[in-house]
Amino acid sequence: MLLHLSTWLEVEAYLEKSQGIILPIGSTEQHGPTGLIGTDAICAEAIAHGVGDTTGALVSPTINVGMALHHTAFPGTISLRPSTMILVIRDYITCLAKAGFTKFFFINGHGGNIATLKAAFAETYTYLAEIGVNNADQVQCQVGNWFMCSSVYQLAKELYGDREGSHATPSEVAVTQYVYPESIKHAPLSAEVGKGHPIYGPVNFRQHYPDGRMGSDPALATPEHGKQLYDLAVKELSNNYLEFVGRAIA
């Protein structure tokens, strides 16, 4: 059940049986020469929809832009500042909490969002109490990072080994190839790829990672791998969601 394809009457009826909602969140940032700029949002959205179908949960519209300031030296990247993102998350949750939602399960596709999401949750809990939202003390938020699912991590390790890297990875590129096979990209990839450098500002990042990859070889990705990774993420995160909202795992 997708929020943007529902009516308010349908949402009101949903709230009578569940106060849980899934919020996909990603990023709009460079992903190397062959990775789609929307990779993080694409993966989060597809997997969130799969989890929604599996669990019967309502799924919100995807938050496509996240915290990606360190990628902004590459054209096409769009980023929120952490302070802006905190307010965006706070406003999303506040509106939904006023309607009666209390369990907010974010399915995240971007590692750079994690710290800001946790800060946003802390600020939101206090804010809801301060403005007197009903059931503010019952509001809980949780992040499910699909790429950190144990089953996904294990398969990526088996498929790609050290060539998985940590950005523009073959695993995330594979999921986008599965979701959008008509948009598979091809480009020359140098044998040398930056890795192991600390992340500072955008200019420094591009100096150390000139083609946008971080130790990865996305040429290894296939749509078939993407389907396997997608299925594992949906299964694991579906169980996580059901545990979070206090329902039995099927």
Side-chain angles (χ1 to χ4, degrees), residues 2-4 22-51 59-93 104-120 143-148 152 165-187 189 194 199-206 208-214 216 218 221 226 229-230 233 237:
L2 303 181
L3 180 64
H4 69 286
I22 294 169
L23 299 95
I25 182 168
S27 184
T28 299
E29 65 185 45
Q30 69 83 20
H31 272 78
T34 60
L36 305 180
I37 287 175
T39 290
D40 292 343
I42 291 167
C43 294
E45 180 174 87
I47 291 165
H49 289 183
V51 173
V59 182
S60 83
T62 302
I63 302 171
N64 288 284
V65 178
M67 208 305 288
L69 291 174
H70 51 292
H71 291 293
T72 53
F74 293 87
T77 296
I78 305 172
S79 179
L80 299 177
R81 291 174 295 172
S83 55
T84 304
M85 183 173 157
I86 287 171
L87 294 177
V88 170
I89 299 301
R90 192 191 75 180
D91 285 353
Y92 266 61
I93 295 171
F104 298 88
F105 190 78
F106 286 76
I107 292 184
N108 178 41
H110 173 49
N113 288 340
I114 297 173
T116 304
L117 278 171
K118 291 181 178 179
V143 181
N145 303 296
W146 79 266
F147 50 91
M148 294 175 69
V152 169
S166 56
H167 181 68
T169 64
S171 60
E172 61 184 343
V173 170
V175 173
T176 66
Q177 290 180 346
Y178 165 62
V179 177
Y180 289 110
E182 71 279 8
S183 296
I184 294 174
K185 308 295 183 180
H186 301 281
L189 296 174
I199 296 175
Y200 296 110
V203 173
N204 178 272
F205 183 94
R206 186 158 182 176
H208 285 128
Y209 303 103
D211 72 356
R213 294 181 294 152
M214 299 178 70
S216 64
L229 293 158
Y230 166 87
L237 290 173

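Contacts of N113 classified as side chain to side chain donor-acceptor pair (under 3.5 Å), with partners at least two apart in sequence or in another chain: N108. Every residue two or more places apart in sequence or in another chain was checked for a ring-ring contact (aromatic ring centres under 6.0 Å, His included) with H49, and none qualifies. Legend: residues meeting side-chain contact (heavy atoms from CB on, under 4.5 Å) with A73, ordered by chain and number and at least two apart, are P202, R206. By the ring-ring contact (aromatic ring centres under 6.0 Å, His included) test, F106 pairs with F121, sequence neighbours left out. For N204, the side chain to side chain donor-acceptor pair (under 3.5 Å) partners at least two apart in sequence or on another chain are H208. Residues that satisfy the side chain to side chain donor-acceptor pair (under 3.5 Å) test with S216, not counting sequence neighbours, are absent from this structure. For A187, the side-chain contact (heavy atoms from CB on, under 4.5 Å) test picks out P33, T34, with sequence neighbours left out. Partners of P210 by side-chain contact (heavy atoms from CB on, under 4.5 Å), not counting sequence neighbours: none found. Scored by the side-chain contact (heavy atoms from CB on, under 4.5 Å) test, T28 finds I37, N64, V65, I78 as partners (sequence neighbours excluded). Residues satisfying the ring-ring contact (aromatic ring centres under 6.0 Å, His included) criterion with Y230, sequence neighbours excluded, are Y178.
When all heavy atoms of N145 and V143 are compared, the closest pair comes out as OD1-CG1, 3.3 Å. The two atoms that bring G35 and V173 nearest to each other are CA-CG2, 4.3 Å, heavy atoms only. Annotation for P170 and A221: closest pair O-CB, 3.3 Å, computed over non-hydrogen atoms.
Between I107 and V51, the closest side-chain pair of non-hydrogen atoms falls below 4.5 Å. In this structure, the side chains of E182 and Y180 come closer than 4.5 Å at one or more pairs of heavy atoms. Here the side chains of P61 and L3 are in contact, with some heavy-atom distance below 4.5 Å. Residues E172 and L229 are not in side-chain contact: their nearest non-hydrogen atoms beyond the backbone lie 4.5 Å or more apart. Looking only at side-chain heavy atoms (C-beta outward), F74 and F205 come within less than 4.5 Å of each other.
Taking CZ of F104 as the reference point, atom CD1 of I89 lies at 11.0 Å (rounded to 0.5 Å). Here NE2 of H167 is found 7.5 Å from CE of M214. Values are rounded to the nearest 0.5 Å. One finds the OG atom of S166 at 6.5 Å from the OH atom of Y209 (value rounded to the nearest 0.5 Å). From T116, atom OG1 reaches atom NZ of K118 across 11.0 Å, with rounding to the nearest 0.5 Å. In this structure, NE2 in H70 is found 4.5 Å from CD1 in I199, a value given to the nearest 0.5 Å. Distance check, rounded to the nearest 0.5 Å: CG of L80 to CE of M67 gives 9.5 Å.
Panel note: side chain T77, backbone T72; no donor-acceptor pair is recorded below 3.5 Å. Looking at S27, its side chain never comes within 3.5 Å of a backbone N or O of A68 through a donor-acceptor pair.
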Check: residues 38-48 side-chain donor-acceptor pairs under 3.5 Å, at least two apart:
from	atom 1	to	atom 2	distance (Å)
T39	OG1	L36	N	3.3
T39	OG1	L36	O	2.6
D40	OD1	H31	NE2	3.0
D40	OD2	H110	ND1	3.2
E45	OE2	T62	OG1	2.7

### Query
Checking side chain to side chain contact (heavy atoms under 4.5 Å, CB included) for the pair L23/Y92: CA distance, chi angles, key distance, verdict?
CA-CA 10 Å; L23 299 95; Y92 266 61; 4.0 Å; yes
